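Here's the structure, in structure tokens; my notes come after.
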Amino acid sequence: KLENATIKAELGRASWKLLHTMMARFPEQPTPDDRLALQTYIQLFARLYPCGDCAAHFQKLLAKYPPQTSSRNAAAGWACYVHNQVNKRLKKPEFDCNNIGDFYDCGCGDEKKNNGG
Ligand code: FAD
């Protein structure tokens, strides 16, 4: 099948949205098990991402910039940073990672119940 840039971009937006929203909900003080779960998720995400070219590039990025899982801030900052690396390669504007705080809201309305703050 031919490449379809519209569909590829839509998949990218959906994927980034999920990834950043997960980071915004990651525990502020993760347990070793939380940290392993995120680390594993990111590695498998990079391996199984449906656009093969994108996956190959992203795996190289992960090797260069290993996922940060020590806290919510570290994880969100890391994801913002690697997304900016992808933006750079695709000649897209850089996102200001200082503004990531309230940008990704899961709409769940149960922050306290699940993540202790
Ligand atoms: P996106 O980059 O999809 O971003 C969506 C929104 O997120 C933006 O509008 C902005 O509000 C916000 N945002 C932007 N930067 C950041 C940031 N640093 N941190 C947090 N939020 C931010 N496409 C290719 O053509 N080739 C590739 O090799 C490729 N590799 C990819 C690898 C991965 C892992 C993923 C998830 C996607 C990849 N894509 C690739 C898709 C590409 O990154 C974009 O998703 C797609 O081109 C749509 O771009 P967009 O301009 O709508 O914004």
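Remember, predicted model here, so these are calculated numbers, not experimental data. Every number for a ligand or one of its atoms is a count from 1 in the order of the listing.
- Using a 4.0 Å cut-off to heavy atoms of His57, the atoms of ligand 1 that qualify are 28 (O).
- The nearest non-hydrogen atom to atom 2 (O) of ligand 1, considering only Lys92, His83, Gln85, comes from His83.
- With a heavy-atom cut-off of 4.0 Å, His20 touches ligand 1 through its side chain alone.
- Here the protein heavy atom with the shortest distance to atom 25 (O) of ligand 1 is Lys8 CE, 3.5 Å.
- The heavy-atom pair separating Ser71 from Pro30 by the smallest distance is CA-CD, 3.8 Å.
- Of the protein's non-hydrogen atoms, the one nearest atom 52 (O) of ligand 1 is Arg13 NH1, 2.7 Å.
- For atom 41 (C) of ligand 1, the closest non-hydrogen atom on the protein side is Gly12 CA, 3.9 Å.
- Using a 4.5 Å heavy-atom cutoff, the side chains of Trp16 and His83 are in contact.
- Counting protein heavy atoms only, atom 43 (O) of ligand 1 is closest to Trp16 NE1, 2.9 Å.
- Asn84 places a side-chain N or O within donor-acceptor distance of the main-chain N or O of Phe95, the cut-off being under 3.5 Å.
- Heavy atoms of Leu11 found under 4.0 angstrom from ligand 1: none, in either backbone or side chain.
- In this structure, CD in Glu28 is found 12.0 Å from OG in Ser70, a value given to the nearest 0.5 Å.
- Residue Asp34 comes nearest to Phe26 through the heavy atom pair O-CE1, 3.6 Å, listed as atom of the first residue, atom of the second, then distance.
- Closest non-hydrogen pair, Gln68 versus Ala74, comes out as CB-O, 3.6 Å.
- The closest non-hydrogen atom to atom 30 (N) of ligand 1, taken over Ala5, Cys97, Cys54, comes from Cys54.
- Atom CD of Gln43 is surrounded by more than 12 heavy atoms from other residues, nucleotides or ligands within 6.0 Å.
- Side-chain atoms of Met22 and Tyr41, non-hydrogen and from C-beta on, do get closer than 4.5 Å to each other.
- A distance-only check finds a donor-acceptor pair linking the side chain of Trp78 to the backbone of Pro66 [under 3.5 Å].
- Within 6.0 Å of the CG atom in Asn4, the count of heavy atoms belonging to other residues, nucleotides or ligands exceeds 12.
- Close approach to Phe103 involves these atoms of ligand 1, each under 4.0 Å from a residue heavy atom: 11 (O).
- Between Gln59 and Tyr49 the shortest side-chain heavy-atom distance does not fall below 4.5 Å.
- Atoms of ligand 1 lying under 4.0 Å from any heavy atom of Cys80, numbered from 1 in the order shown and given with element: 17 (C), 18 (N), 19 (N).
- Within a 4.0 Å radius of atom 8 (C) of ligand 1, the protein contributes no heavy atom.
- Close contacts of ligand 1 with Ala9, meaning ligand atoms under 4.0 Å from a residue heavy atom, involve 46 (C), 48 (C).
- Looking at His57 and Leu61, their side chains never come closer than 4.5 Å, going by heavy atoms from C-beta outward.
- Taking atom 13 (N) of ligand 1 as the reference point, the nearest protein heavy-atom neighbour is Phe95 CD1, 3.5 Å.
- Of the listed residues (Ile42, Asn87, Leu19), the one carrying the non-hydrogen atom nearest atom 15 (N) of ligand 1 is Asn87.
- Set against the non-hydrogen atoms of Leu90, the atoms of ligand 1 under 4.0 Å away are 23 (N), 24 (C), 25 (O), 26 (N), 40 (C), 42 (C), 43 (O).
- The two residues Cys54 and Lys8 make their nearest non-hydrogen contact at SG-CE, 3.9 Å.
- Nearest protein neighbour of atom 28 (O) of ligand 1, counting heavy atoms only, is Arg89 NH2, 2.8 Å.
- Annotation for ligand 1: atoms under 4.0 Å from non-hydrogen atoms of Ser15 are 36 (C).
- Residue-level proximity to ligand 1 for Val86 is carried by the side chain, the only part with a heavy atom below 4.0 angstrom.
- Counting atoms of ligand 1 from 1 in the listed order, those under 4.0 Å from a heavy atom of Tyr104 are 7 (O), 12 (C), 13 (N), 20 (C), 21 (N), 22 (C).
- Contact atoms of ligand 1 toward Tyr49: 35 (C), 36 (C), 37 (C) (distance under 4.0 Å to a heavy atom of the residue).
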